[in-house]
Amino acid sequence: MRWQALLIAFLPWLAGCGGVATGPTGIDQAALLTASCSGCHAEGGQAITGLTGMPATELEAKLLAYRDDAGGGSAMHRMARGYSDEQIGLIARTLGD
Amino acid sequence: MSARLSRRRLLATLSTLGLGALLSPASLARTAKARIVVVGGGFGGATAARSLARLLPAASITLVEASRHYVACPFSNLVLAGVREIEAQTFAYSALAAEGIEVVRARATNVDAVTRTVTLDNSTGLSYDRLILSPGIDLHWGALEGYDPNAAVRMPHAWKAGKQTLLLREQLLAMPEGGVVLMSVTAAPFRCPPGPYERASLIAGYLKRHKPRAKLIILDSNDAFSKQGLFQAAWRQHYGDMIEWRSASNFGGVIRADARAMELHTDFDTERGDVINVIPPQRAGRIAERAGTVDASGWCPIDATSFESALVPGVHVIGDATIAAPMPKSAFSANQQAKVCAIQVARLLAGLAPEPTTLANTCYSYTTPESAISVSGVYNNADGVFISVPGAGGVSPMGAPPVFQQREGEQAADWFRAITREAFL
Ligand SMILES: Cc1cc2nc3c(=O)[nH]c(=O)nc-3n(C[C@H](O)[C@H](O)[C@H](O)COP(=O)(O)OP(=O)(O)OC[C@H]3O[C@@H](n4cnc5c(N)ncnc54)[C@H](O)[C@@H]3O)c2cc1C
């Protein structure tokens with residue numbers, strides 16, 4: 001039975017490695033929160049940064065800087081203001097390298 | 001993907017597994033064999049089907065979509081303005097089929113929530129354990145007197161992208177110099193709150209280039225609109241007095257359309273147009289009503305945490321069809337609601353309670369083909385309702401330098417590429 005559980009939990013992860021499947025990779029809070037990110041940050045564009053390969057510490061620092069920069073007017077500034085330290089940490093650990 | 005990222009994903013998955021290991025063998029077997037049907041292959045439905053296929057690779061995922069191709073509404077106002085082709089808006093379902101999703105080209109005509117069956121217009125039935133509806137909007141024909149499918153040939157809505165978009169574009173092209181374009185905007189709620197005003201901006205841009213003596217009048221059934229200050233500043237800056245906006249209290253609200261005479265009637269007077277775009281009253285796609293998920297407002301009340309219908313158990317509703325205010329009816333919202341809903345459905349099938357989280361939205365609108373403005377919001381969905389997070393969200397800064405708005409135009413283009421890739425490619 002454990003084995004069945006393993007299979008169900010691992011297949012999405014394996015599919016993720018192939019680079020074909022789209023969508024959340026888990027069913028926990030990390031997956032729920034990062035559902036907000038992937039619609040824009042799929043890969044790098046010319047004006048929206050891709051997140052693949054960014055170290056988690058760098059990502060966390062960037063998100064905190066967006067949130068705490070009171071004068072910032074970009075969409076990312078306005079959205080970052082809605083997240084707690086804990087949420088930003090979890091997002092960074094999930095998406096960061 | 002780097003080895004470190006993979007390990008991190010693995011750890012995240014293992015923490016999920018920690019919960020999974022508590023499940024009974026029977027509930028795990030149910031998860032594996034689960035049948036999930038998604039109706040509607042737009043931004044909501046296509047994203048939901050793909051997310052479920054990834055989360056539940058052993059389950060059977062069926063996507064029911066009436067059309068062979070999807071024509072995206074976001075960026076379709078650029079097509080109207082003649083600066084983008086409709087092909088760039090058009091997406092097939094082959095990538096979804098290649099991922100093991102059974103894509104059924106048919107229209108869902110009925111839902112029996114007791115036997116948990118969806119009926120299709122080819123008379124087949126599909127059984128489900130969980131049903132996700134993402135049917136978008138239906139135009140509420142007749143709710144505006146005189147506006148029916150025939151009138152929409154003379155006065156296109158172009159609020160579902162495709163033939164209607166091209167029809168309105170042709171009419172704008174054919175309009176004589178010095179002509180009058182009328183736009184009628186229905187009372188909120190409607191799909192894409194800033195969409196009518198983005199459209200007015202881009203049509204004015206086309207007129208300025210090709211028919212500089214033409215005029216555009218917006219007859220509005222609302223007294224205020226999304227990003228109003230920014231739009232009106234852009235209109236003055238780029239289009240002078242070409243655009244006139246008449247609010248509801250200024251007798252702007254259209255009460256009758258006369259397609260033969262090419263006239264719109266308000267409480268106060270009658271306006272004749274050479275080209276008339278009617279953005280008509282809307283409601284949830286008809287299948288949502290057939291499923292019993294629609295209330296007296298014409299839209300679907302949901303539990304904001306799980307996206308399960310407040311009226312019909314086992315049926316989840318996402319996207320434009322839902323009552324999700326303060327989350328707007330946008331492709332951004334539909335795509336994200338789809339991912340969150342897919343996770344909650346996977347949790348429910350695994351015997352876990354849906355988990356509240358935080359969602360966000362940004363809607364970009366072009367004010368010229370190169371520059372855009374945006375509005376953002378962040379929402380918590382605990383206790384089954386969406387609540388805007390105080391202090392977050394809001395619109396682009398007023399009076400920002402042109403390079404800021406050009407940057408937002410580039411961000412919008414990147415957003416379109418990313419979201420259509422996640423949903424369709
Ligand atoms: C002019 C315009 C500009 C816009 N710009 C933006 C923008 O810049 N950013 C943004 O975020 N949003 C924008 N939007 C809004 C966006 O298009 C919608 O919010 C989004 O499409 C909603 O997704 P959905 O999945 O709810 O519905 P849809 O995308 O409409 O998908 C519904 C699908 O379900 C299918 N369907 C319906 N009923 C059935 C049935 N019974 N059986 C089978 N299939 C069925 C339909 O064929 C359709 O493919 C814009 C809209 C307009 C009109």
Side-chain angles (χ1 to χ4, degrees), chain A residues 1-2 4-17 19-48 52-53 55-56 67 71 73-84 87 93-97, chain B residues 1-2 4-6 8-10 12-13 15-17 20-21 23 25 28-29 31-32 47 50-51 53-55 57-58 99 332 335-336 339-340 342-343 346-347 350 352 355 357-360 362 374 376 378 389 391-394 396-397 400 404 407 410-411 413-415 417-419 421-422:
Chain A
M1 290 315 128
R2 282 285 157 115
Q4 241 181 332
L6 271 169
L7 192 66
I8 290 171
F10 270 84
L11 276 173
W13 171 69
L14 291 172
C17 292
V20 279
T22 315
T25 51
I27 60 173
D28 53 5
Q29 188 55 228
L32 286 164
L33 270 181
T34 53
S36 298
C37 312
S38 61
C40 293
H41 295 274
E43 286 165 29
Q46 76 177 132
I48 295 183
T52 324
R67 188 191 65 185
S74 75
M76 214 36 240
H77 285 98
R78 288 175 256 139
M79 288 190 287
R81 289 182 194 125
Y83 293 83
S84 67
Q87 287 177 314
R93 286 195 301 282
T94 309
L95 297 178
D97 213 341
Chain B
M1 183 188 292
S2 77
R4 281 190 57 208
L5 181 57
S6 311
R8 188 179 315 282
R9 286 249 166 93
L10 174 57
T13 314
S15 71
T16 303
L17 177 63
L23 301 174
L28 281 170
T31 309
T47 308
R50 289 188 112 173
S51 302
R54 186 173 200 182
L55 290 172
E99 287 165 8
F332 193 119
N335 161 270
Q336 194 184 166
K339 288 176 272 184
V340 171
I343 293 171
R347 291 179 67 91
L352 300 169
E355 185 162 309
T357 189
T358 301
L359 297 90
T362 292
S374 65
S376 303
V378 184
V389 178
S396 312
F404 187 93
R407 189 74 177 159
E410 290 163 7
Q411 285 166 3
D414 282 352
W415 165 78
R417 270 191 291 275
I419 200 167
R421 188 184 303 128
E422 188 168 63

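Letters A, B, ... are given to chains in the order of the sequence lines, protein chains preceding strands, and every chain is numbered from 1. Computed from a predicted structure; not experimentally measured.
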Asks: Report the option among A:Cys37, A:Gly45, A:Gly39 that has the most heavy-atom pairs separated by less than 4.5 Å from atoms of chain B.
Replies: A:Gly39

Asks: Whether the side chain of B:Asp414 engages the backbone of B:Arg417 through a donor-acceptor N/O pair (distance < 3.5 Å, no angle test) should be reported.
Replies: no

Asks: Using non-hydrogen atoms and a 4.5 Å limit, figure out which bit of B:Ala360 sits close to chain A: side chain, backbone, both or neither.
Replies: both

Asks: Under the side-chain contact (heavy atoms from CB on, under 4.5 Å) test, which residues partner B:Glu410, sequence neighbours left out?
Replies: A:Gln46, A:Ala47, B:Arg407

Asks: Under 4.5 Å between any side-chain heavy atoms of B:Val340 and B:Leu359, yes or no?
Replies: yes

Asks: Quick one: of B:Thr358, B:Val389, B:Thr47, who has the most non-hydrogen atom pairs under 4.5 Å with chain A?
Replies: B:Thr358

Asks: Could you work out, with ring pair (Phe, Tyr, Trp, His ring centres under 6.0 Å) as the rule, every residue matching A:His41, not counting sequence neighbours?
Replies: none

Asks: Compare all side-chain heavy atoms of A:Ser36 with those of A:Tyr83 and state whether any distance is below 4.5 angstrom.
Replies: yes

Asks: For chain B, find which of A:Gln29, A:Arg81, A:His77 contributes the most heavy-atom pairs closer than 4.5 angstrom.
Replies: A:Gln29

Asks: Of all of B:Ala400, B:Ala418, B:Pro397, which one pairs up most often with chain A through heavy atoms under 4.5 Å apart?
Replies: B:Ala418

